[in-house]
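Written out below as structure tokens is the structure these notes cover.
Computation of the quantities below employed the complete heavy-atom set of this structure, encompassing side-chain atoms and omitting hydrogens, waters and symmetry-equivalent molecules. Every chain is numbered from 1 and lettered A, B, ... according to where its sequence line falls, protein lines coming before strand lines.
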Amino acid sequence: MSFGSAVDDLQRQMAISDAVNIVGLNSTGASTVRDEGSVLKAPSGILSYEPDELMISVFAGTSISDINDELQGAKQRIPIPEWGTIGGAVATRRNGLRDSYHQTLPNNVLRCSVIAADGSLYQSGGQVVKNVSGFDLIKLLVGSWGLLGLIVEVTMRTEPIPQVSQWVQSAAPTAIAQVSDLYRPSVVTCFEGNMYVLLEGHEKDVQQQILQLDGFSLCEMPLTNNSPQLTNVNRSSQGVPHSIERAIRKEFDPGNKLNKSIASQRGLLT
Amino acid sequence: MNFGLTFEYSEEMSGVVHTNTAELFLVGQDASNMMGSPAGVCYPTTTAEVQEAVRWARAKGMTFIARGAGTGLAGGAIPTDGSLVICLTKMNNIRSIDVHKRTAWVEPGVLNADLSRRTARDGLHFAPDPSSQQSCTIGGNVANNSGGPHCLSEGVTSAHILALEVVLPSGDVCILDAESSLFDLRGAFIGSEGMFGIATAIEVRLVQNPPHISTMVVGFASVHEGAMAVSAIIAHGIIPSALEMMDAPITRAVEEYVHAGFPLDAAAMLIVEIDGLENSVLDGSRAVKDIVSRFGATSFQVAQSQGERALIWKGRKTAFGAIARIQPNYYLHDTVVPRKKLAEVLSQVSLIATEEHLQVMNVFHAGDGNLHPILMFDKRVDGVMDRVHRAGAEIVRVSLEAGGVLSGEHGIGLEKRDFMRWMFTENDLLFQQKLRSAFDPEGISNPHKVLPRGSGCSDMSSIPPGSWI
Ligand SMILES: Cc1cc2nc3c(=O)[nH]c(=O)nc-3n(C[C@H](O)[C@H](O)[C@H](O)COP(=O)(O)OP(=O)(O)OC[C@H]3O[C@@H](n4cnc5c(N)ncnc54)[C@H](O)[C@@H]3O)c2cc1C
């Protein structure tokens, strides 16, 4: 599998560097360069888009708004917030508000191609919508913060844009109970004492759902800051899962080359 | 039952580890056509007992293998080298259900369908619905990242697992969830085919039952037209909750067995189900009707009651019982191709079967391009297994050539292990091995599966020749 000279060059640079900072568009500040060493960025551009297969393959440095511009023509979208690059969203697991279980990205990334710390290229997944061939490195890469390699290519599942998307909000005490009676709203989130709900689908169904709600008003998408933050410590920093993470890091980046300050912040320098 | 012993005190765990021939014969096989040679089997009832069993195996220098119901089709549950089989079927309690949060904690031996039966009165269900759901365990679903007809819109098992309690090959126990680590170890564990440790408790997501459902059965004059209709439905922007295809031979076999009212004169039939809110179901079904008629549908029925719908799904899901009446043995294959290649690959599969003088039937998840050709045979016929294996390998080859992958839901196990190089580079495999090493540095949890032999990717010791098939 070859992705052309841009990726070949990145592989060479990765191989010869002792320390590497991986950056996207830095839309969240997460990829502010804090360390010595080379700065590597995935190429951008759409590799293939097959509307009928609901699937798009792009270089990881492509901005999500560029991707959505492309998808719009076929009335499709990828359901994550429109800022930064797709590689950055995948690396930080930036699901946005849409999925309360934080699984939008893990469930919609179908393939990843990655430049490993040693400069070699590895791939997981495939250009199909269902796949259990081998161990699932994709789940590991989503939310890996650049610590397992530089993601250079991503294949994503796309989805049809629903006929109607409408946000509603309420501060009423009954809001929670009412919302839990709704059939699978796209988003439910609380923000500054208000409950926000995104209803999507057939125009008439959305209208009926709105009628069913009492004390809610129509609104725009709430402007919450929902970009993922890298926390310093949590309950895991010593436990058994943390030792597995450290073992993974030792296997994938034995020289501690990748995103050193992030690795150090999470106790993942080995 | 309590083991009442720890490995320090018990030399043999006598009475706990069973070694009689009949039991070992049973746990030496799964639903594939392979046979393994376990050294012993035990049936823990608690997480602590699983730990004890793992530690005992370690102390004895043995490998171990988790086992659910043994319905796996890729040989994942075949003990290859005198392993201790740790059978989880007695850990079958639903520990808690939170109706408000729509989650539940279950033990790994809970049968898939039992969970949804329990939550039905609250209008909830566990979405992954493998055709084997009456008998397979949720632990097995997690290990294989299983799918099912309704995973087209709901997503496969990994989309419905929130947390796992896992006994690692070291004997340590831990919780893998969103908070316990930066990396998604929960996600990495799902689909690891028993090679990263044993899941001893599982937190699942429950989903609301749909308020409206429309289930359609559509007949076509050719497999080709049916397959083209599948692509067209998806391309139209409709994501049915299920979109299944059955060809004429399997339809006939099922109809004789279940009497579901399937179209016997059709060369292929689709089951198309759309669910959700009223108007999206109405519009979606109307659009499906238009599309299938453009592709020459020869019949179009809509289930008029819950009973009719249940009968259709019974027909679909008992297809494998029906074929047992035709030939004593079958090999159920599993590959995925891009949807637009369905028609082409199906006709290649039919040629492959003809060339090897094998009967083939197709019943599969057409909506996600997930093929399940079933090769039928009688094991007692001389040389038939060679033909079955050659045909199987050819089916893999044509699927990969069409841009597809090795497996959509049954996993790699032993069956497809040596095909992994057809899809992955050595470096891809090396990084999969690295992940495995992080969970199981000594390679003692279900060794020899998934990763092909040679070049440092597989588990060290070799497999005794002739230990299966
Ligand atoms: C007729 C039939 C129809 C089928 N239909 C489908 C289908 O539609 N979709 C689908 O995806 N599959 C299907 N299958 C395959 C099979 O049912 C699934 O893979 C199922 O999830 C296996 O569950 P099990 O309990 O039988 O696991 P087993 O076969 O016992 O084990 C499977 C693998 O899981 C591991 N394992 C089991 N329990 C644990 C645990 N607690 N922790 C760690 N590892 C564990 C084992 O080591 C083994 O590698 C079908 C099988 C049959 C026979």
Side-chain angles (χ1 to χ4, degrees), chain A residues 1 50-54 75-76 93 101-103 106-107 116 120-124 126-140 142-145 147-148 159-160 180 183-184 201-205 208-209 230 234-236 239-242 244-245 247-248 250-252 266 268, chain B residues 100 144-145 147 155-156 158-159 162 168 172 174 176 178-185 187-188 190-192 205 208 211 231 234-235 237 276-280 283 336-340 368-370 403-409 411-412 420 423-424 427-428 431-432 434-439 450:
Chain A
M1 163 68 57
E50 303 206 40
D52 290 1
E53 294 287 318
L54 301 177
K75 300 203 186 78
Q76 292 179 8
R93 202 184 293 118
Y101 294 98
H102 312 297
Q103 290 193 10
N107 294 337
S120 68
L121 193 70
Y122 67 91
Q123 206 171 55
S124 183
Q127 286 176 308
V128 290
V129 293
K130 195 177 186 190
N131 187 358
V132 292
S133 314
F135 300 139
D136 196 346
L137 297 175
I138 292 176
K139 297 291 183 301
L140 199 64
V142 174
S144 60
W145 291 82
L147 300 180
L148 303 174
E159 61 178 37
S180 76
Y183 180 69
R184 306 194 189 191
H202 193 286
E203 190 179 1
K204 285 189 199 153
D205 291 332
Q208 275 172 17
Q209 284 188 304
L230 191 68
N234 61 22
R235 76 163 139 102
S236 63
V240 176
H242 187 62
I244 303 173
E245 294 193 284
I248 292 173
K250 236 185 215 140
E251 293 280 346
F252 280 65
R266 289 296 304 212
L268 290 172
Chain B
H100 184 66
N144 283 353
N145 196 10
V156 293
S158 64
L162 299 171
L168 294 166
D172 289 334
C174 65
L176 306 177
E179 273 92 52
S180 65
S181 52
L182 180 68
F183 300 151
D184 181 10
L185 301 179
I190 298 166
S192 62
R205 186 156 82 101
Q208 288 161 284
S231 305
I234 303 285
L277 294 169
E278 189 179 2
N279 294 288
S280 75
D283 269 19
V336 189
V337 298
R339 282 173 282 239
K340 62 174 183 224
D368 16 51
N370 190 182
V405 299
L406 294 172
S407 171
E409 49 183 31
I412 301 299
M420 285 285 275
M423 176 172 163
F424 293 109
N427 207 49
D428 297 341
F431 279 84
Q432 292 189 31
K434 284 171 183 287
L435 176 58
R436 146 95 152 143
S437 296
F439 277 91
V450 181

Side chain, backbone, both or neither: which part of [X] has an atom under 4.5 Å from a heavy atom of chain B?
X        : value
A/Gln208 : side chain
A/Ile138 : neither
A/Gln76  : neither

Exercise. Can a salt bridge be assigned to the pair B/Glu409 and A/Lys130 using a cut-off of 4.0 Å between side-chain N and carboxylate O?
Worked result: yes

So which of [options] has the biggest tally of heavy-atom pairs under 4.5 Å with chain B?
options                               : answer
A/Leu54, A/Val129, A/Val142, A/Val128 : A/Val128
A/Ser120, A/Gly126, A/Pro51           : A/Ser120
A/Lys75, A/Lys204, A/Gln127, A/Glu203 : A/Lys204

Between [X] and chain A, which part of the residue has a heavy atom less than 4.5 Å away: side chain, backbone, both or neither?
X        : value
B/Leu176 : side chain
B/Val405 : both
B/Val156 : side chain
B/Leu277 : both
B/Asn145 : both
B/Asn427 : both

Which of the residues [options] is involved in the greatest number of heavy-atom pairs with chain A at under 4.5 angstrom?
options                                : value
B/Ser407, B/Gly191, B/Ala235           : B/Ser407
B/Asn144, B/Asp172, B/Asn370           : B/Asn370
B/Ala188, B/Pro211, B/Ser231           : B/Pro211
B/Asn279, B/Val336, B/Ile190, B/Leu168 : B/Asn279

For this session: May I ask you to decide if the ring planes of A/Tyr122 and A/Phe252 are parallel, tilted or perpendicular, using 30° and 60° as cut-offs?
Result: perpendicular

Between [X] (side chain) and [Y] (backbone), is there a donor-acceptor pair under 3.5 Å?
X        : Y        : answer
B/Arg339 : B/Gly369 : no
A/Asn131 : A/Ser133 : yes
B/Gln208 : A/Arg184 : yes
B/Arg205 : B/Leu162 : no
A/Glu245 : B/Leu182 : yes

Problem set entry | Non-hydrogen side-chain atoms of B/Phe431 and A/Leu148 separated by less than 4.5 Å | no

For this session: For the residue pair B/Phe439 and B/Leu185, establish whether any side-chain heavy-atom pair is separated by less than 4.5 Å.
Result: yes

For this session: State which residues pass side chain to side chain donor-acceptor pair (under 3.5 Å) with B/Lys434; sequence neighbours excluded, sorted by chain then number.
Result: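 Expected list: none.
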
